[in-house]
Amino acid sequence: MTLAPPQPDTRGEPQQDKTEHRPQRITLRARVTWLTALCVAVAVAVVSLGAYLTVRYYLYNQAAEDLGAQAATVANGQHMAPAVPGEKLVFRSGTVQFNSIRIDVIDSSGQSYVENDPTPLRSGDVSTAEEAVAAGTSDSSSRVVGGYEVVAVPYPCEDNQPCAALVIAEPLTAQQQTLRSLSLVLFLISGAGVIVAAAAGAFVARGGLSPVQRLTEATEWVGRTGDLRPIPVTGDDELARLTQSFNAMLGALAQSREQQRRLVADAGHELRTPLTSLRTNLELLLAAQRPGAPALSEQDRQELYADVRGQLDELTTLIGDLVELARQDAPQVVHEPVELVEVVERALDRARRRAAGVSFDVSLTPWLLLGDASALERAVMNLLDNAVKFSPPGGVVRVLLRALGDGTAVLEVTDQGPGIADADLPHVFERFYRSEEARTLPGSGLGLAIVMQAAQRHGGMAYAAHAPEGGALLTVRLPGRPG
């Protein structure tokens, strides 16, 4: 029967709507589309504003020049009599077609000289600018007031000396109509440009982000199914490199999974033999104690006890090596300065206590690196144990630590044993690999795998070769600096 997990007691608590209204997220494709449209809209607005202001300046400036030329023609063409202070001027009708133009002649105080002006200036059309022209302090003036272009030029008196100002105001109806038409055209063109830009942005976003969509779908597929097949890569841009990096990650994950699978399978295979033997021996010992069963001799009993102890030691060693491999597989964040000579000397002290009848020839050069001292000591200890195991009685194990001059140092451990067969050299650092000669000797087949893993974790490598004197030469190369 399957028990359901306990549910919290919610009696007496207000019931909440289980449907959560989460805010709608704006997708990356929509952001790219809107950003493209916004950038184009700003650019079009700036260009349109610049074009509008340029045309407006040109139209108003041209209107001022034309009106100024017409005012000069009126002032110098004697369409009205010269201004006489205190007297009113009578406009000679029919000499100029003014239409909607407003005209006046003023003195320096702004008072009009014209008596029968058919189109008088409006209130406020005359300002200090026109009065300055009448006073002779300014050659001319031009300004826009209330939709009119107002121009003032000097007007002569009886002695042909300027004593007044001719002011002409013309409506800017044609110019304003042109500007309205231009505004409408610019608005339509700008709107069409923004729409086209948004459509182009959506198209580019759809095409450019399709690899991201495929990558997202692939990650979701991996999360659902655990399938670590690589994703097809197209192109050579940043998204293609991202896909390649993701494929590399999938490859590393697949390799790690395969290593775990092999580790579990190999561990199960290696554990099966000692466990089966241990069970057989224990059952035999228990069967001998039953009433009526044949009694075991003391010698057989002691041999069975010795086998049980040996199998327990083998299991203990195997489990310890598996724990060490799992610990080294875990990511290491903190590294401390390690003096490699001290690590080797501690391992040598332990090896000497275990190696009866084997001597050590040691030559060590100080070497400093960043790493895990305990992991390095375990690796060195495994190298020494391996050398002692294959060394004959009275043999010598040579230990050499020397710098190579390229930022790395090598630790060489050489024994005088039978050496390693050429077929076994590429595999001695693999987990649970044991040569034909080593299968009869104690060990788990994980010692040299721990050495390789420790070397790689510290940025180095481990090698196996033939020693000049005929034994095995195991080398660990590590980066660092002289101590």
Side-chain angles (χ1 to χ4, degrees), residues 248 251-252 255-256 259 262-263 320-351 360-388 390 397-415 419-420 424-433 443-468 471-483:
Q255 183 179 4
S256 176
Q259 289 177 350
R262 289 176 52 191
L263 177 62
D321 289 341
L322 287 172
V323 171
E324 180 66 20
L325 281 174
R327 188 179 73 86
Q328 291 195 19
D329 281 338
Q332 300 295 318
V333 179
V334 179
H335 290 87
E336 58 183 0
V338 177
E339 178 54 62
L340 193 56
V341 171
E342 297 178 0
V343 172
V344 176
E345 289 177 345
R346 288 197 299 268
L348 282 169
D349 291 339
R350 295 169 56 189
F360 294 88
D361 180 14
V362 181
S363 176
L364 304 177
T365 301
W367 191 256
L368 187 66
L369 72 156
L370 293 177
D372 186 350
S374 61
L376 290 172
E377 183 176 348
R378 178 64 183 270
V380 175
M381 192 69 222
N382 288 349
L383 290 175
L384 297 177
D385 285 343
N386 186 79
V388 169
F390 290 99
V397 174
R398 183 167 56 87
V399 180
L400 174 63
L401 175 60
R402 59 188 177 90
L404 297 181
D406 60 351
T408 61
V410 291
L411 174 65
E412 299 176 347
V413 178
T414 308
D415 60 54
I420 304 174
D424 295 328
L425 282 177
H427 307 289
V428 294
F429 292 104
E430 295 179 2
R431 296 177 179 181
F432 296 106
Y433 182 82
S444 63
L446 294 175
L448 294 183
I450 293 175
V451 173
M452 174 63 79
Q453 200 165 37
Q456 291 178 342
R457 203 180 76 184
H458 289 80
M461 196 62 186
Y463 309 93
H466 299 292
L473 171 61
L474 299 178
T475 304
V476 175
R477 185 171 182 173
L478 296 170
R481 59 182 178 86

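Looking only at distances, no side-chain donor or acceptor of His466 sits under 3.5 Å from a matching main-chain atom of Leu473. In this structure a side-chain-to-backbone donor-acceptor pair under 3.5 Å is present from Asp415 to Ala472.
Residues Val362 and Val397 have side chains not in contact (no heavy-atom distance under 4.5 Å, counting atoms from C-beta outward). Counting heavy atoms from C-beta on, the side chains of Leu474 and Phe429 come closer than 4.5 Å. Side-chain contact between Glu336 and Val338 is present, with heavy atoms from C-beta onward closer than 4.5 Å. Contact of the Gln453 side chain with the Arg457 side chain is not registered, since no non-hydrogen atoms from C-beta on lie closer than 4.5 Å.
Shown here for Ala454 and Ala375, the closest heavy-atom pair between the two residues is CB-O, 4.1 Å. When every heavy atom of Ala455 is checked against every heavy atom of Val476, the shortest pair comes out as CB-CG1, 4.0 Å. Residue Ile420 comes nearest to Ala464 through the heavy atom pair CD1-CB, 4.3 Å, listed as atom of the first residue, atom of the second, then distance. Considering all non-hydrogen atoms of both residues, Leu401 and Leu340 come closest at CD1-CD2, 3.7 Å. Smallest separation of non-hydrogen atoms from Val451 and Asn382: CG2-CB, 3.8 Å.
Arg481 CZ to Leu370 CG: the interatomic distance, rounded to the nearest 0.5 Å, is 8.0 Å. Here His458 contributes atom NE2 and Leu369 contributes atom CG; the two are 6.0 Å apart, rounded to the nearest 0.5 Å. Atom-to-atom distance recorded for Thr414:OG1 and Leu400:CG is 8.0 Å, nearest 0.5 angstrom.
Partners of Glu339 under the side chain to side chain contact (heavy atoms under 4.5 Å, CB included) rule, at least two apart in sequence or in another chain, are Val341, Glu342, Pro366, Leu368. Residues meeting the side-chain hydrogen bond (donor to acceptor under 3.5 Å, both in side chains) test with Asn386, sequence neighbours left out: none. For Ala351, the side chain to side chain contact (heavy atoms under 4.5 Å, CB included) test picks out Phe360, Met381, Leu384, with sequence neighbours left out. With sequence neighbours excluded, the residues that form a side-chain hydrogen bond (donor to acceptor under 3.5 Å, both in side chains) with Arg346 are Glu377.
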Donor-acceptor pairs under 3.5 Å, side chain of residues 403-413 to any protein atom, not counting sequence neighbours: which ones?
unit_1 : atom_1 : unit_2 : atom_2 : d
Asp406 : OD1    : Thr408 : N      : 3.3
Asp406 : OD1    : Thr408 : OG1    : 2.6
Asp406 : OD2    : Arg477 : NH2    : 2.5
Thr408 : OG1    : Arg477 : NE     : 3.1
Thr408 : OG1    : Arg477 : NH2    : 3.4
Glu412 : OE2    : Arg402 : NH2    : 3.0

